[in-house]
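This one's a predicted model, so the numbers in the text were calculated from it and none came from an experiment. Every chain is numbered from 1, with letters handed out A, B, ... down the list of sequences.
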Amino acid sequence: MTASRAAAERAEALRKEIERHSSAYYVHDQHTIPDAEYDRLFRELEALEEEYPELASLDSPTQRVGGKPLSGFATIRHDVPMGSIRNIAYVEPGSKANLYDERAAIQFDADIRKKLKLTDRDLPVEYTAELKFDGLAISLRYEQGVLVRAATRGDGMTGEDVTLNARTIRDIPLRLVGRNIPFVLDVRGEVYMLWADFEKYNTSARLRGEDTLMNPRNAAAGGIRQLDPSISARRSLRFFAYGIGSSQGWVVPSNHSDLLDALASFGLPVSSCRKVVVGVKGLMSFYREIAGKRPTLGFDVDGVVYKVNSLAIQTALDVDNTKKHPDWAAAHKFLPQEVSTKVEDIEVQVGRTGALTPVARLAPVIVGGVEVSNATLHNEDQIRRKDIRKGDTVIVRRAGDVIPEVVAVVLDRRPPGTKQFQMPSTCPICGSKVIKVVKEQRLKTKESRQKEEAVLRCIGGLACPAQAKEALIHFASRRAMDIDGLGEKLIDQLVDQGLAKNPADLYSLKGSELSRLDRMGEISASNLVKSIETSKNSSLSRLIFALGIPNVGEETAKDIVKAFGRLDFIIDARPEVLVFVPNVGKDTATPVYAFFSDGHNRQVVDRLRQAGVNWVESPITIRASFAELIARLDIKKIGAKRAEQLASHFQTISRLVDADLSELTRTLDSETAARSVSEHISEIGVRQRLLDVEAQLIDFGMHWTNQPATAVRAPGGALVGKTLVLTGTLSSLSRDAAKQMIEAAGGRVTGSVSPKTDYVVVGDDPGQKYQEALELGIRTLSKDELLRIVEGAGQQTLSFDDEH
DNA sequence: ACGCCTCGAGTTCT
DNA sequence: CTCGAGGCGT
C-alpha cells in the first residue's frame, strides 16, 4: 500500500506539532497541551506510521522515548536500554473517543493469553500490579553496593549523568544494605515529589518572589536535571524503585514481585501499593482500588502498571524485542482529568442577587468520567486574566473533583478574528443597567478609599425575570422553605406564564391552574398545593433565610430570629438595633433594613403573613446596651470608655441628645470630646434617628442596661459549647440530620477544621478535613460514638428548645 | 490595623 | 468545595 499524499502531509504535520510540544515540555518545563491530547497526537502518528511504514522516518518522535538531553550534562549509555511501557486504552467500538476505563485490562489480558497460546481452559496468568508514578524515570548504578552513577532515561539508549543530584535525594541509599548484594546492580525507578513538598516549595518561592513550579511532575523532572545540585536538593525529591536493568553477581529472582522484595531488602524504597494478582479480575480490581485511593496517596499517580509476574514468561513474550515496548507489561492510565475542548460560546447568567456570571458553553467532553459542557468563568477579571474568548480551545479540569474549571487557553489553537470578551452593559435578561457595587473601605487614611466589588450586578431586582426565578428557587429550596416538588423547571413555567412572580404568589396558587402546566397532572398538582401548605409550618428562621436578603444566610437568619423572636420586630428593626444581634454588623444590618423598607418587599411579606406564613411569637433574648450604642456611632474622640461615661451619666438617649455643651464637658472631662459629641448630634437627622432608635428599643421591650449583653440561655445537652466538624458520609444519617442532632445537644457544626474545633466526626471516605484533624491533634469521633454521646446525655436535650 | 474564624454565595452533574 | 468577605478579638 502506498501512502497517500494526504497521509504523508498529516504525518509531517503531526511530527512538527509533537516536536514542538515535547520540546516545550521537556526542554523548557512548559505545559502547552494536556497530556491526553498529546497522547492522542502521538497515537495518531504511530497508527499512520504503522499503516504506511515508508512514512516512518528515523527522526520521527515515535522513534524516541524521552526528551532530548539538555546540554551541560555528561551523557551516559545505558547497558540495558530504558524502554517505556505501552499505554493501553479501551476503544468503544464505533466511537473515536478513548475511554480509558477498566475494560482496557480485558484487552491486555486477552493479548497476553493469545501470545502465550493459552485457551480458556488454562489457568489465569499471574501479574504484578503496581502504581504508575508520575515523575521522571532514572537509573541508579550500584557497584559492590555503592551508588556510583545515576542517569536519566534520556532517549532510552543514552541519558544524562545526574549522579550529584541523585545523591541529594534522601530516599536513594548511597550504599545498599542486607545480604547477598549483587556485584553490579542497575536499579530502575521514578523520581517524584510529594504534594506536600510541592506546596511547601511554591509557598516559599512565592515569598521570595521566585517563579513557582507548575506541577509536581515538572518539579521533579526539572529538579533532577538542574546543573546545580543545591537547587535540586531544595526540592525535596523522592524516589521509588520498580525494576532493574543489568545486574551481575547474584541470582535474579524468578518473578517480578520477588525482585521488588529483594530491592526493598537492599534498603531501596519500593512502594507498598503493589499486589500479585491473578487474571483479568485481579487487574481490574487493583485498578479500581487505586483509582479510589488516589486522592489519599500524597503524590501523583497517573495510572497503574501491569506486568507478567514470571520473568521466564516475560522473556518468552520478549522474543521479538525489536519493538519499542515490551509485550508483557502495560500502563493502564486513569481517566484524564485535564482535557481540551472548544469554547462554543460565552453566555452571561444572572443569579439571585443579580450577579452577572459568565459561563463557557463547551463542546461536550469527558473529564474524569463525566461529560462536561458548561464551566463557570466566575467574573470579568477571571476571563481577562486568562483571556478566554469565544472560539478558543481551552484546557478543562474538574477542580476539587467536582466543578469543572477552565485552566488555560491553548493559544496556538486560537482561530483568527477572535475578540476579547466584553461583559454586557445591560442585563441580558431584563435589560436593566448593570453596575459594580462600590464598597466603602473604612480606612484610617484621609481619603476613605473606595473599592469596587469584583462582580457586576443587574439593578432590576425582582422585576428581572432571572432574579425573580432564582429568588423563588431559593425560597422553595430544601434548606429554606423546603417546598417539595417545586423545582427549577416548574418555577420557569410559573414565572413565564405569569402565575407567580414572588413567594407570596405561591400561596394563592390553585390546583386547577397548576394542572394545566406541562408535565403536571392533577395528582402532582394537588401534591404541590399540599407541600406549599405544609411549608407554612416550617420555622421563622427558615422564612428569614428564604427571603434571600443579601448577607443573610442560614446562620445569620437563626441569630436574628433568636434575638427578636417575632417577625414584626424584624420587619421594623432599624439598623442601629439590628447590630445588637450577635454576628450582625453594619454590612448585614443595612441590607436587612433596606429589604424591609422596600415597599414591594414589604407587600410580599405582608401577604405571606396573611396567607398564614407566620409563627408563634416569642420574647426577645438580647439586651441592648446604651454604652455600646453610643460607641457604635463612630463619633470622633469617643471610644468605648467615654461611651461608658456618657451612658452612665445620661441613662437615656432623650437626655443625651438634649444635653448642653457644659454638661457634656463635665461628663467627659474634655471640651474637645464634648464638642465632637454635640457636633455629631446636631448633624441633620441624627437627633431624630437616635430618638427613633430609643423608641423602638422600648417598643420591643428591650432592657436598657449598661451591663454588656448577657447570654440568656444556657441550654443543657452533652455538647454544650463544643464545636464539631463533619467529614465523609455518615451512613444512614444525613448531614443535615447530624447537624440538627448536634445543635439540639448544644453543639455547633462548622465547615472547616481549626484549632478551635473540639471534635471531628469522621464518616466513610473522609475528605482532607480528616487529615487536618490528625495534624492538629483534634479528637475524632465515629458516627456511633457521636450517637452515643448525644443519646447518652438523655432526655433533657430534647425539650430544651422551647423556653420562649 | 491585622489576622483568625466562619459564613455566604455560586456552581456542575447524576 | 472553594473563594471572598463580614464579624470580632487582639
Side-chain angles (χ1 to χ4, degrees), chain A residues 295 347-362 364-379 381-382 385 396-406 437 439-445 448-449 451-457 466-467 470-471 473-474 477 479-480 487-488 541 544-560 575 578-592 628 631-632 640 708-709 723-728 735 739 748-758 766-769 772 776:
Chain A
E347 284 176 20
V348 175
Q349 285 178 350
V350 181
R352 169 167 69 87
T353 59
L356 266 60
T357 316
V359 177
R361 303 283 170 221
L362 306 168
V365 276
I366 308 280
V367 188
V370 181
E371 188 177 77
V372 167
S373 49
N374 300 308
T376 174
L377 302 172
H378 298 109
N379 56 49
D381 296 345
Q382 189 80 229
R385 215 172 313 132
V396 176
R397 158 171 79 195
R398 290 218 300 159
D401 256 7
V402 198
I403 295 162
E405 170 192 46
V406 172
V437 176
K439 295 246 161 177
E440 247 189 286
Q441 283 212 315
R442 295 186 287 280
L443 287 178
K444 246 195 166 167
T445 46
S448 71
R449 208 188 303 165
K451 207 187 148 199
E452 282 182 340
E453 268 191 330
V455 291
L456 279 167
R457 287 178 198 280
Q467 287 179 67
E470 295 295 329
I473 291 168
H474 174 72
S477 69
R479 315 178 82 88
E488 202 172 329
S541 59
I544 299 299
F545 172 55
L547 293 174
I549 303 165
N551 291 345
V552 178
E554 264 180 299
E555 298 300 323
T556 310
K558 277 186 208 164
D559 287 337
I560 292 174
L578 284 161
V579 292
F580 282 116
V581 177
N583 302 320
V584 172
K586 259 195 188 150
D587 291 338
T588 308
T590 312
V592 173
E628 254 181 85
R632 279 200 237 264
T723 302
L724 288 86
V725 173
L726 306 176
T727 179
R735 257 188 138 66
K739 187 173 175 183
R748 279 183 342 123
V749 176
T750 61
S752 54
V753 180
S754 78
K756 293 196 174 171
T757 309
D758 294 295
Q768 71 173 23
K769 285 181 240 176
E772 289 167 5
L776 294 168

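Residues forming a salt bridge (charged side-chain N to carboxylate O under 4.0 Å, His left out) with A:Arg479 (at least two apart in sequence, or on another chain): A:Glu554, A:Asp736. Shown here are the side-chain hydrogen bond (donor to acceptor under 3.5 Å, both in side chains) partners of A:Gln349, two or more places apart in sequence or in another chain: there are none. Checked against side-chain contact (heavy atoms from CB on, under 4.5 Å), A:Val581 has the following partners two or more places apart in sequence or in another chain: A:Asp559, A:Ile560, A:Ala563, A:Phe564, A:Val584. Under the side-chain contact (heavy atoms from CB on, under 4.5 Å) criterion, A:Ala557 pairs with A:Ile544, A:Phe545, A:Val552, sequence neighbours left out. Under the side-chain contact (heavy atoms from CB on, under 4.5 Å) criterion, A:Thr757 pairs with A:Val725, A:Val753, A:Ser754, A:Val760, A:Ile778, sequence neighbours left out.
In terms of position along DNA chain B, the nucleotide closest to A:Gly354 lies nearer the 5' end than the nucleotide closest to the other residue of the pair A:Gly354 and A:Asn374. Annotation: of the two residues near DNA chain B, A:Thr357 and A:Ala557, the 5′-most nearest-nucleotide partner is A:Ala557.
Regarding A:Ile560, its CD1 atom lies at a distance of 13 Å from the C1' atom of C:dG6, rounded to whole Å. Summarising the geometry, the separation between NZ on A:Lys558 and P on B:dC7 is reported as 9 Å, rounded to the nearest angstrom. Following rounding to the nearest Å, A:Phe545 (CZ) and B:dG8 (C1') show an atom-to-atom distance of 9 Å. As rounded to whole Å, 15 Å separates atom C1' of B:dA9 from atom CG of A:Leu356. A straight line from CD of A:Glu470 to P of B:dT11 spans 8 Å, rounded to a whole angstrom. Put simply, CZ on A:Arg397 is 13 Å from C1' on C:dT2, counting in whole angstrom units. Taking atom CG of residue A:Leu377 and atom C1' of nucleotide B:dT11, one finds them 12 Å apart after rounding to whole Å. A:Glu554 places its CD atom 11 Å from the P atom of B:dA9, with the value rounded to the nearest Å.
Checked against B:dT11, B:dG8, C:dG7, the side chain of A:Asn551 finds its nearest nucleotide in B:dG8. Which of B:dA9, C:dG6, B:dG8 sits closest to the side chain of A:Asp587 comes down to C:dG6. Here the nucleotide nearest the side chain of A:Ser373, chosen from B:dC13, C:dG6, B:dG10, is B:dC13. Which of C:dG7, B:dC7, B:dT12 sits closest to the side chain of A:Val359 comes down to B:dT12. In this structure, of B:dG8, B:dA9, C:dG7, it is C:dG7 that holds the atom nearest to the side chain of A:Asn583.
A:Thr353 approaches A:Gln467 most closely through the heavy-atom pair C-OE1, 3.9 Å.
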Between protein and nucleotides 3-6 of chain B, what N or O pairs are separated by less than 3.5 Å?
unit_1	atom_1	unit_2	atom_2	d
B:dT6	OP2	A:Ser754	OG	3.4

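Remark: A:Thr353 is in phosphate contact with B:dG10, judged by side-chain N or O atoms under 4.0 Å from OP1 or OP2.
Between the side chain of A:Asp758 and the backbone N or O of A:Thr723 there is at least one donor-acceptor pair closer than 3.5 Å.
Residue contacts for A:Gly351: at a heavy-atom cut-off of 4.0 Å it reaches no nucleic acid atom on any strand shown.
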